[in-house]
Amino acid sequence: MIVVMKPGAIPQQIEHVKERIEQLDLRWHVIEGTERTVVAALGEKRDGAKQSLELCEGVEKVVAILAPYKMASTEVKREPTVVQALDLKVGGGHIGVIAGPCSVESRDQILEIAHLVKQMGGKALRGGAFKPRTSPYSFQGLKEKGLQFLAEARAQTGLAVVTEVMAPEQVELVSAYADVLQVGARNMQNYPLLEAVGASGLAVLLKRGASATMEEFLLAAEYILKTGNTKVMLCERGIRTFEDHTRFTLPLASVPYLHQTTHLPVVVDPSHGTGKASLVAPMARAAIAAGADGLIIEIHPNPEKALSDGFQALTPGAFRQMMTECRKIAAVMGMHMGQD
Ligand code: PEP
Ligand code: MN
């Protein structure tokens with residue numbers, strides 16, 4: 001349920017509603033809007049709870065939340081959530097660009113790419129140190145050494161570090177270096193991991209599972225939100241279909257759909273979404289036109305030599321061109337894309 005307070009409700013009245021919610025064995029979550037405050041009451045439905053809350057002073061109405069994802073839903077919060085980590089701002093009219101290699105391969109590689117990303121207007125550096133690889137014989141990442149190189153790149157450029165964490169027991173280590181924890185597609189329904197990244201308090205980039213429905217995706221986000229961590233970015237990275245002209249199928253309708261159903265910002269990953277470097281920039285442009293709040297792009301100075309996903313990496317020149325084109329589309333859409 002959501003308890004909608006009257007526009008002039010005073011803090012004591014909100015406190016009282018919170019106490020009443022606790023007495024009803026429910027959990028509260030306060031959302032301060034620009035015009036009024038709403039208090040979400042979460043938990044098992046209780047007989048008489050709605051009527052009891054309606055009687056509290058300062059309450060305008062109590063309404064049921066129909067969506068199964070309570071805290072992610074626009075029913076609870078209509079204003080878009082803006083997620084910020086250092087200079088990366090995603091949501092509410094800000095388009096944040098996250099770019100970098102698929103994997104951190106060496107100190108020189110990540111420092112070189114970090115400077116390129118910075119020069120070209122990206123606000124965050126991506127790079128996997130713990131890599132989820134389909135084959136156990138493929139490069140698995142530099143692990144803590146990779147995290148140290150990422151932190152050095154942040155120190156040199158000021159870019160926020162976005163990097164994947166694959167297991168709950170890695171959260172503490174990765175959090176010591178990252179600004180944004182990435183939960184990969186293969187882990188979207190790893191519930192202990194979702195709770196652990198939530199508890200870290202860091203911003204989280206949650207990737208859609210390759211066969212997850214929108215409802216499953218939003219319920220995964222709900223696991224993070226339920227810990228009290230509201231800094232969640234959703235990432236559409238493509239789904240598995242019968243199509244084989246691309247690595248995955250990138251369904252851009254999920255961007256406006258998510259904007260209708262959730263206040264959380266939506267980032268698009270056209271690199272994994274297409275798996276082909278030549279298709280990345282057109283789909284990045286389309287993502288911005290569809291209203292995406294951010295992009296995550298794989299780039300590499302020498303894609304042929306990349307240790308993972310070289311086939312979908314943009315060269316620095318192609319990335320520069322993509323940024324120029326995307327900025328034009330962002331301007332038409334009335335969005336800021338990292339130059340302010
Ligand atoms: C990645 O971003 O490098 C990655 C492994 O992505 P996904 O989890 O979407 O496959
Ligand atoms: Mn990759």
Side-chain angles (χ1 to χ4, degrees), residues 88 90 96-105 109-110 113 117 122 124-136 138-143 146-147 150 160-167 170 174 178-190 193-194 197 203-212 216-217 220-221 224 232-241 246-252 254-255 266-277 279-280 283-284 287 292 294-315 319:
L88 175 71
V90 175
V97 177
I98 305 163
C102 179
S103 309
V104 181
E105 299 171 1
Q109 175 240 23
I110 199 70
I113 296 180
V117 171
L125 176 66
R126 61 149 291 144
F130 290 92
K131 291 302 303 177
R133 303 306 302 280
T134 302
S135 164
S138 302
F139 175 60
Q140 302 286 311
L142 296 182
K143 313 216 160 79
L147 296 173
L150 284 166
V161 165
V162 181
T163 195
E164 179 159 356
V165 55
M166 294 204 295
Q170 288 170 358
V174 180
D179 302 293
V180 178
L181 296 176
Q182 177 174 326
V183 174
R186 291 156 190 80
N187 268 316
M188 189 204 82
Q189 287 178 311
N190 179 341
L193 178 63
L194 298 175
V197 296
V204 178
L205 182 78
L206 176 64
K207 294 192 127 193
R208 177 184 185 180
S211 61
E216 288 163 340
F217 190 19
I224 304 170
V232 179
M233 297 175 257
L234 300 171
C235 178
E236 174 57 82
R237 48 78 73 209
I239 52 172
R240 182 60 51 88
T241 70
T246 48
R247 185 179 178 191
F248 292 95
T249 296
L250 186 60
L252 287 179
S254 57
V255 177
V266 183
V267 172
V268 171
D269 176 349
S271 306
H272 293 87
T274 63
K276 283 193 177 142
L279 302 180
V280 170
M283 293 311 279
L295 294 170
I296 179 164
I297 307 288
E298 287 189 347
I299 66 172
H300 200 283
N302 193 345
E304 267 178 36
K305 297 219 171 118
L307 294 183
S308 60
D309 288 357
F311 45 83
Q312 66 192 32
L314 294 187
T315 59
F319 178 60

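Residue indices begin at 1 and follow the sequence shown. None of these values were measured; they are calculated from a predicted model. As a basis for the values below, the full set of heavy atoms in this structure was taken, side chains included, without hydrogen atoms, waters or symmetry mates. Just so you know, ligand 1 is whichever comes first in the structure, and atom 1 is the first atom listed for that ligand.
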- Query: Would one find an N or O of Asp269, backbone or side chain, under 3.5 Å from an N or O of ligand 1?
  - Reply: no

- When distances are taken from atom 6 (O) of ligand 1, the protein heavy atom at minimum range is Lys207 NZ, 2.9 Å

- Message: Does Arg186 form a side chain to side chain contact (heavy atoms under 4.5 Å, CB included) with Lys207? I'd like the steps, not just the answer.
- Response: CA-CA 9 Å; Arg186 291 156 190 80; Lys207 294 192 127 193; over 6 Å; no

- Item | Contacting atoms of ligand 1, where contact means under 4.0 angstrom from a heavy atom of Glu298 | 3 (O)

- Query: Would Asp309 and Lys131 satisfy salt bridge (Lys or Arg N to Asp or Glu O under 4.0 Å), going step by step from the backbone distance to the final call?
  - Reply: CA-CA 11 Å; Asp309 288 357; Lys131 291 302 303 177; 5.7 Å; no

- Note on the structure: Near Arg186 (heavy-atom distance under 4.0 Å), the atoms of ligand 1 are 7 (P), 8 (O), 10 (O)

- Does Arg208 have a non-hydrogen atom less than 4.0 Å from ligand 1? no

- Check whether any side-chain N or O of Arg247 sits under 3.5 Å from a backbone N or O of Gly273 as a donor-acceptor pair, and report yes or no. no

- Do side-chain atoms of Ser271 reach the backbone of Ile297 as a donor and acceptor pair under 3.5 angstrom? no

- Query: So how far is it from Cys235 SG to Phe217 CZ, rounded to the nearest 0.5 Å?
  - Reply: 7.0 Å

- Among the N, O or S atoms of Glu298, the one nearest the Mn ion (ligand 2): OE2

- Check: Glu164 side chain, Pro132 main-chain N or O, donor-acceptor pair, under 3.5 Å: no

- Just by distance, do the side chain of Ser138 and the backbone of Arg133 share a donor-acceptor pair under 3.5 Å? no

- Query: Which atoms of ligand 1 have any heavy atom of Gly184 under 4.0 Å away?
  - Reply: 8 (O)

- Message: I need the nearest protein heavy-atom contact for atom 1 (C) of ligand 1: residue, atom name and distance, please.
- Response: His272 CE1, 3.2 Å

- Query: Considering only the protein, which heavy-atom contact is closest to atom 9 (O) of ligand 1, and what is its distance?
  - Reply: Arg237 NE, 2.7 Å

- ang(OD2 Asp309, the Mn ion (ligand 2), NE2 His272) rounded to 10° is 90°

- Message: Under a 3.5 Å distance rule, please check whether Gln189 uses its side chain to pair with a backbone N or O of Ala212 as donor and acceptor.
- Response: no

- Message: Students should be able to answer this: which protein heavy-atom is nearest to atom 8 (O) of ligand 1, and at what distance?
- Response: Ala185 N, 2.8 Å

